[in-house]
Amino acid sequence: MVSVIASSVRKGNVLEKEGKLYLVISAENIHPGKGTPVTHLEMRRISDGVKTVERLRTTDSVEKAFVEHQNFQYLYQDGEQYVFMNPVSFDQLHVGADVVGDYAPYLTENMDVQLQLFEGNAISIEIAQRATFEVVETEPVMKGQTASGSFKPAVLSNGVRTMVPTHITAGTRIVVMTEDGSYVERAKD
């Protein structure tokens with residue numbers, strides 16, 4: 001463990017508090033016009049998944065745990081477990097759905113991911129910021145609907161619903177942000 005100031009804590013860091021480990025889900029530094037700047041941390045306790053919110057002064061000291069970052073390749077889903085393979089040693093690691101979280105629909109076979117390991121157990125996952133999927137269902141283009149900036153709902157091949165520009169039709173491959181599923185651009189492949 002190492003002591004760091006609260007303002008340097010980022011999403012994905014692992015903190016130790018009262019003998020328990022917490023994964024930082026979001027970290028925001030707030031600098032009000034008057035008063036003391038604070039760091040707002042949303043965390044998930046690794047042992048049981050309980051979420052907590054902590055508000056600290058930016059200069060407060062917190063204990064940061066040493067976490068190992070390793071590259072893995074996603075293989076398949078086995079019930080509530082996701083199976084990843086270490087491309088160097090070919091060891092397989094089973095990771096629970098609670099760790100994969102909102103990234104689950106964006107995992108595709110043979111996708112390279114980075115897992116954070118603490119004492120050999122996966123505690124968090126990082127995947128590419130962008131992923132390409134096919135639009136399987138969307139409303140047809142309506143004549144006269146040419147205003148730029150207008151969007152319509154669409155369903156992607158991974159089951160995620162998103163908003164796409166009006167010129168996108170079913171069968172088009174698009175790039176989306178894995179953080180929130182938002183449309184980025186039409187795929188170039």
Side-chain angles (χ1 to χ4, degrees), residues 1-75 80-89 91-108 110-132 158 160 162 175-185:
M1 303 286 170
V2 65
S3 249
V4 295
I5 60 171
S7 63
S8 68
V9 174
R10 299 285 174 258
K11 177 182 176 179
N13 288 161
V14 177
L15 304 178
E16 191 266 331
K17 185 177 123 188
E18 299 164 4
K20 296 197 187 296
L21 293 175
Y22 291 84
L23 176 68
V24 177
I25 299 169
S26 72
E28 182 181 13
N29 291 317
I30 302 166
H31 300 278
K34 282 185 173 178
T36 310
V38 293
T39 299
H40 183 85
L41 300 175
E42 189 176 327
M43 304 183 291
R44 179 174 51 86
R45 192 169 29 211
I46 293 171
S47 59
D48 56 10
V50 172
K51 288 187 178 180
T52 61
V53 175
E54 187 102 9
R55 207 175 183 102
L56 305 165
R57 286 194 304 263
T58 54
T59 55
D60 285 350
S61 183
V62 292
E63 295 292 321
K64 190 173 168 185
F66 286 111
V67 177
E68 190 179 354
H69 295 264
Q70 281 191 9
N71 292 322
F72 280 83
Q73 198 171 54
Y74 173 66
L75 296 179
E80 287 293 308
Q81 299 282 311
Y82 293 83
V83 182
F84 295 89
M85 178 186 68
N86 184 323
V88 177
S89 66
D91 292 337
Q92 290 188 4
L93 182 67
H94 293 260
V95 177
D98 58 328
V99 174
V100 175
D102 296 338
Y103 290 130
Y106 301 103
L107 288 175
T108 55
N110 299 324
M111 175 186 256
D112 291 324
V113 301
Q114 190 175 66
L115 293 176
Q116 291 184 352
L117 305 173
F118 183 78
E119 296 177 354
N121 296 319
I123 55 171
S124 117
I125 184 173
E126 287 179 31
I127 68 172
Q129 286 185 328
R130 297 172 177 212
T132 304
N158 62 347
V160 171
T162 190
V175 177
V176 295
M177 295 297 287
T178 55
E179 188 74 30
D180 57 5
S182 60
Y183 171 85
V184 177
E185 63 187 1

Q: Could you tell me which non-hydrogen atom of Arg45 sits nearest to which non-hydrogen atom of Tyr22, and how far apart they are?
A: NH1-OH, 3.5 Å
(Q) Could you measure the distance from the CG atom of Leu56 to the OG1 atom of Thr36? Nearest 0.5 Å is fine. (A) 12.5 Å
**Q.** Asn121 side, atom CG; Gln116 side, atom CD - distance, nearest 0.5 Å
**A.** 13.5 Å
Q: Taking the side chain as every heavy atom from C-beta outward, state whether Met177 and Tyr183 have any pair of such atoms under 4.5 Å apart.
A: no
Q: Show your reasoning for whether side chain to side chain contact (heavy atoms under 4.5 Å, CB included) applies to Val113 and Leu107.
A: CA-CA 9 Å; Val113 301; Leu107 288 175; 4.0 Å; yes
Q: Over all heavy atoms of both residues, which pair between Val160 and Pro105 is shortest? Give the atoms and the distance, please.
A: CG2-CB, 3.6 Å
Q: Step through the shown structure and confirm whether more than 12 heavy atoms of other residues, nucleotides or ligands are within 6.0 Å of CG on Asp180.
A: yes
Q) Minimum heavy-atom separation for Ile123 to Val99, with atom names? A) C-CG1, 3.7 Å
Q) At their closest point, which heavy atom of Asn86 faces which heavy atom of Gln70, and how far apart are they? A) ND2-OE1, 3.5 Å
Q. What is the minimum heavy-atom distance between Thr178 and Ala131, and which atoms define it?
A. CG2-CB, 3.9 Å
(Q) Return the NZ to CD distance between Lys17 and Glu54, rounded to the nearest 0.5 Å. (A) 3.5 Å
Q. For Gln92, does the CD atom have more than 12 heavy-atom neighbours from other residues, nucleotides or ligands under 6.0 Å away?
A. yes
Q: Supply the atom-to-atom distance Ile127 CD1 to Gln114 CD, rounded to the nearest 0.5 angstrom.
A: 12.5 Å
Q.
Working to the nearest 0.5 angstrom, can you tell me the gap between Leu15 CG and Ile46 CD1?
A. 9.0 Å
Q.
Would His40 and Val53 count as a side chain to side chain contact (heavy atoms under 4.5 Å, CB included) here? Give the steps.
A. CA-CA 7 Å; His40 183 85; Val53 175; 3.3 Å; yes
(Q) Would you say that Ile5 contacts Thr59 through its side chain, given a criterion of any heavy-atom pair below 4.5 Å between the two side chains? (A) no
Q: Using only heavy-atom distances, determine whether the side chains of Glu63 and Ser3 contain a donor-acceptor pair under 3.5 Å.
A: yes
Q: For residues Ala65 and Phe118, report the shortest heavy-atom separation together with the two atoms involved.
A: CB-CE1, 4.1 Å
Q. Side chains of Asn13 and Val4: does their closest heavy-atom pair fall under 4.5 Å?
A. no
Q. Are side-chain heavy atoms of Tyr74 and Val95 found at a separation under 4.5 Å?
A. no
Q: Nearest 0.5 Å please: distance from the OG1 atom of Thr39 over to the CZ atom of Arg55.
A: 9.5 Å
